[in-house]
**Q** 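Got a structure here, written out as structure tokens. Questions coming.
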Amino acid sequence: MTLLNEDYQLTVQEVLGRPFFQHAHIAAGRNGLHRTVRWVHIIEVIQFEELLQGGEMILTTGAAFKSDTALFMTYLNQLVTNNVSCLCIEMGHYLTAIPEPWIAAAEACQLPLIIFPQAVRFIDITQDIHAHIINQHHKALQDLEKISREFHRMTLSSQGVGHVLGLLQSSTKAQVIYVPTDGQPRFVPQTGSREMKEWLDVVSGRLPDGGNSRHAGAPAVFDWEGQTVIVHPVGAMGKTWAHIVLILARKPQEYEYLILDSASLSIAQDLLRKRYMEERKLYSQTLWVDDLLHLRIRDEEQIKVLIGSSFKQLNELPYYVILIEFESKAGEDHPALPSDGVESAGIHLSLAARSVFEQHTFHPLLTLKNNRLVVVAFDKAPKRPAKERLQHVLASLQLLKAEEEMELTIGVGQSNRSFLQAHQSYQEALQAISLAPTLQSKVLFYDELGVYQLLFHIADKQLLQSFVRTYLGPILDHDRLKGSELLRTLKVYLDSDGSKQIAAQQLFIVRQSLYYRLEKIEELLGADYMLPEKRLALQVGIRAYQLLHPETKL
């Protein structure tokens with residue numbers, strides 16, 4: 001296949017070989033002839049900094065500075081500051097010769113100074129060079145598209161990392177180094193052991209956190225002994241799995257970055273496919289976790305057989321049971337997951353969850369049932385605050401899946417030890433997640449549920465209903481008959497510790513409206529409703545009402 005043309009960049013030296021420059025000569029700055037010409041610009045004014053972006057060939061008749069050395073220096077300084085490629089001056093109406101101080105100044109900053117000894121048509125020069133640049137860029141884009149398609153074909157045919165690295169090297173003519181986080185580095189082409197060690201020493205110091213950090217996406221670029229080194233991360237789902245290092249003897253251009261990005265994506269997809277298959281295998285090996293959580297396994301000996309040598313260590317570690325419910329974001333643009341896609345989405349979530357939990361020193365056992373992923377997360381660093389790390393894990397997962405238009409609702413049971421206690425922590429996670437609609441929260445820790453922990457254990461719902469009617473009956477009847485919001489007002493007022501200012505702000509009403517509602521509440525409940533015992537009963541009654549009517553938003 002056609003590989004990327006390295007000659008798509010036009011240098012000043014190459015421009016001098018164009019037909020319209022056959023009579024031109026170089027007055028200064030021969031050391032800058034390697035500079036790239038990105039565009040041609042005619043400038044006949046003395047102030048023009050905002051017109052330049054860098055890499056331009058500047059054409060002028062000298063009208064802006066004529067024979068004034070001070071003005072020429074102002075003009076030249078702006079060119080140097082904006083990193084233009086070269087300056088071309090036409091001799092004629094404004095200038096008949098270039099003063100020595102001008103030549104010395106251009107030589108000092110290694111800016112090529114090109115002189116046309118007689119009049120030339122600037123329009124012919126711009127059309128010629130612009131056409132050449134555009135044609136070369138078009139050809140480079142065609143080559144880039146062919147290379148990208150080849151990377152894509154390799155991904156679909158599972159040809160592996162080696163083939164991708166080979167194509168990357170042949171396309172860029174650079175030294176390629178592949179540094180996985182859990183394997184041996186590869187060099188393409190292969191080089192001597194001494195040189196390999198030297199480069200690995202150079203690169204290893206540039207890998208963030210030993211190459212095991214969150215996948216950042218953007219490459220790092222630095223110079224080393226006259227060569228440009230690009231370090232590009234490879235990964236997905238919040239984790240970097242490897243780095244691709246490109247060592248170029250020239251300054252990299254946009255095309256090199258695009259090719260490197262395509263190679264990185266191809267390798268990431270290949271690694272993701274392999275990890276997906278590994279996750280399916282692990283998932284099939286931990287189906288027994290569901291039996292444990294539902295008390296279908298009650299014998300430690302049976303668990304030992306299922307887990308093997310790691311049983312003793314895990315059985316002594318504290319753990320949390322986390323229940324993660326997943327679904328596509330609601331709406332026409334985000335249809336619900338089809339039934340045949342739930343398992344696939346769940347395994348992808350499992351793969352991401354395993355990665356993130358391990359990053360925060362948890363050992364996860366995962367099981368999937370319908371649209372719920374259950375994680376038994378053993379804390380391998382119990383001396384460090386576990387809850388803070390768990391919060392980071394769950395926030396990372398929500399962020400990752402939000403990018404995929406997926407919503408997660410999460411319930412977390414209390415810390416426990418011993419496999420045989422997992423059922424209890426699982427029930428707590430279930431209870432926590434059941435309150436998500438009521439409390440309008442996407443992450444709920446059982447140990448933060450307060451009085452709900454007691455209410456969950458009241459199996460007699462008629463008893464709860466009776467308690468609610470005893471303390472809140474008049475308020476509920478008034479809201480039902482009048483369409484008022486006294487129950488919500490009472491909840492916010494009590495939760496605000498009786499502060500009328502805070503309650504009015506949270507209810508988005510003016511003080512006078514709040515006063516009217518509070519007078520009505522006092523009329524219905526009695527003037528003593530803010531006394532400690534009755535106030536506590538009212539707050540418990542409101543929580544019990546929310547538990548019985550989770551669809552009601554208060």
Side-chain angles (χ1 to χ4, degrees), residues 181 209 212-217 233 235-241 268 271-272 275-276 278-280 282-283 286 289-290 293 318-330 334 336-337 341-381 384-415 425-426 428-430 432-437 439-448:
T181 57
D209 299 328
N212 202 22
S213 67
R214 179 176 174 82
H215 178 51
M237 298 186 303
K239 189 172 183 180
T240 297
W241 296 326
L271 294 177
L272 183 60
R275 279 163 171 75
Y276 179 83
E278 291 170 2
E279 191 63 32
R280 286 191 69 95
L282 289 170
Y283 161 63
T286 55
V289 174
D290 187 65
L293 299 176
Y319 65 84
Y320 295 81
V321 175
I322 299 107
L323 183 59
I324 305 174
E325 188 174 83
F326 58 93
E327 60 183 351
S328 295
K329 289 186 177 179
H334 309 296
L337 289 169
V342 171
E343 182 180 3
S344 178
I347 292 175
H348 274 98
L349 174 60
S350 174
L351 179 56
R354 187 182 304 279
S355 173
V356 178
F357 272 99
E358 287 174 350
Q359 285 179 56
H360 290 81
T361 60
F362 289 98
H363 176 83
L365 295 177
L366 304 101
T367 187
L368 181 66
K369 193 164 188 179
N370 299 323
N371 69 324
R372 285 182 168 181
L373 179 71
V374 184
V375 184
V376 184
F378 291 86
D379 187 1
K380 294 168 66 178
R384 293 166 52 197
K387 192 168 185 180
E388 182 179 336
R389 284 182 287 127
L390 267 181
Q391 288 168 334
H392 283 304
V393 167
L394 302 180
S396 296
L397 275 177
Q398 286 188 307
L399 183 62
L400 280 172
K401 290 302 168 179
E403 296 172 356
E404 301 174 17
E405 306 297 344
M406 181 180 285
E407 284 186 341
L408 305 182
T409 305
I410 303 170
V412 184
Q414 295 187 99
S415 176
S425 188
Y426 174 62
E428 293 169 351
L430 279 172
I433 206 171
S434 71
L435 283 174
L439 301 182
Q440 300 181 48
S441 175
K442 290 296 183 182
V443 180
L444 298 104
F445 285 80
Y446 183 82
D447 62 9
E448 296 177 357

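Along the sequence shown, residues carry numbers from 1.
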**Q** Would you say the side chain of Ile433 lies within less than 4.5 Å of the side chain of Thr409, judging by non-hydrogen atoms?
**A**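 The answer is yes; the side chains approach within 4.5 Å.
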
**Q** How far apart are the closest heavy atoms of Val443 and Ser441, and which atoms are they?
**A** O-OG, 3.0 Å

**Q** So, using ring pair (Phe, Tyr, Trp, His ring centres under 6.0 Å) as the criterion, who are the partners of Phe378 when residues are at least two apart?
**A** Tyr319, Phe419

**Q** If I compare all heavy atoms of Pro318 with all of Ser415, which pair ends up nearest, and what's the gap?
**A** CB-OG, 3.7 Å

**Q** Could you tell me the separation between the CG atom of Leu351 and the CG atom of Leu272, rounded to the nearest 0.5 Å?
**A**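 Spacing of CG (Leu351) from CG (Leu272) equals 6.0 Å.
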
**Q** For Phe326 and Leu373, work out which heavy atoms get closest and say how close.
**A** CE2-N, 4.2 Å

**Q** For the pair Ser350 (side chain) and Gly346 (backbone), establish whether a donor and an acceptor sit closer than 3.5 Å, ignoring hydrogens and angles.
**A**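 A pair under 3.5 Å: no.
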
**Q** What closest approach, in Å, do Ala429 and Gly411 show between heavy atoms, and which atom pair accounts for it?
**A**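 Residues Ala429 and Gly411, closest heavy atoms: CB-O, 3.6 Å.
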
**Q** May I ask you to test the Leu430-Arg372 pair for a side-chain heavy-atom distance under 4.5 Å?
**A** yes

**Q** Would you indicate whether the side-chain heavy atoms of Asp379 and Leu390 approach each other to under 4.5 Å?
**A** no

**Q** Could you point out which residue of Leu394, Val321, Ile324, Leu444 forms a side-chain contact (heavy atoms from CB on, under 4.5 Å) with Val412?
**A**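 With Val412 as partner, side-chain contact (heavy atoms from CB on, under 4.5 Å) holds for just one option, Leu394.
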
**Q** Just wondering, do Val289 and Leu293 contact through their side chains at under 4.5 Å, heavy atoms?
**A** yes

**Q** Just so I know, are the side chains of Arg354 and Leu366 near enough to count as touching, which here means a heavy-atom distance under 4.5 Å?
**A** yes

**Q** Run the side chain to side chain contact (heavy atoms under 4.5 Å, CB included) check on Ile322 and Phe357 step by step: do they pass?
**A** CA-CA 11 Å; Ile322 299 107; Phe357 272 99; 4.0 Å; yes

**Q** Measure the spacing between CD of Gln398 and NZ of Lys442 and express it to the nearest 0.5 Å.
**A**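 Going from CD on Gln398 over to NZ on Lys442, the span is 8.5 Å.
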
**Q** Hey, could you give me the CD/CG distance between Glu428 and Leu323, rounded to the nearest 0.5 Å?
**A**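 These two atoms lie 12.5 Å from each other.
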
**Q** Leu408 versus Leu397: any side-chain heavy-atom pair under 4.5 Å?
**A** yes

**Q** Can you name the nearest heavy-atom pair linking Tyr320 to Ala386, along with the distance?
**A**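 Minimum heavy-atom contact is OH-CB, 3.7 Å.
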
**Q** Can you list the residues that meet the side-chain hydrogen bond (donor to acceptor under 3.5 Å, both in side chains) rule with Glu358, with sequence neighbours excluded?
**A**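 Glu358: no side-chain hydrogen bond (donor to acceptor under 3.5 Å, both in side chains) contacts found.
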
**Q** As an exercise, state the distance from NZ of Lys380 to NE2 of His360, rounded to the nearest 0.5 Å.
**A**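 Lys380 atom NZ to His360 atom NE2 measures 14.0 Å (nearest 0.5 Å).
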
**Q** Taking side-chain hydrogen bond (donor to acceptor under 3.5 Å, both in side chains) as the test, write out the residues that go with Gln391, two or more places apart.
**A**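 Counting only residues at least two positions away or on another chain, Gln391 forms no side-chain hydrogen bond (donor to acceptor under 3.5 Å, both in side chains).
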
**Q** Under 4.5 Å between any side-chain heavy atoms of Val375 and Phe362, yes or no?
**A**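 Not touching, per the 4.5 Å side-chain cut-off.
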
**Q** How far does NE2 of His348 sit from NZ of Lys401, to the nearest 0.5 angstrom?
**A**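 Between His348 NE2 and Lys401 NZ, I get 7.0 Å after rounding to 0.5 Å.
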
**Q** Looking at OH of Tyr446 and CG of Leu435, how far apart are the two atoms once the value is rounded to the nearest 0.5 Å?
**A** 10.0 Å

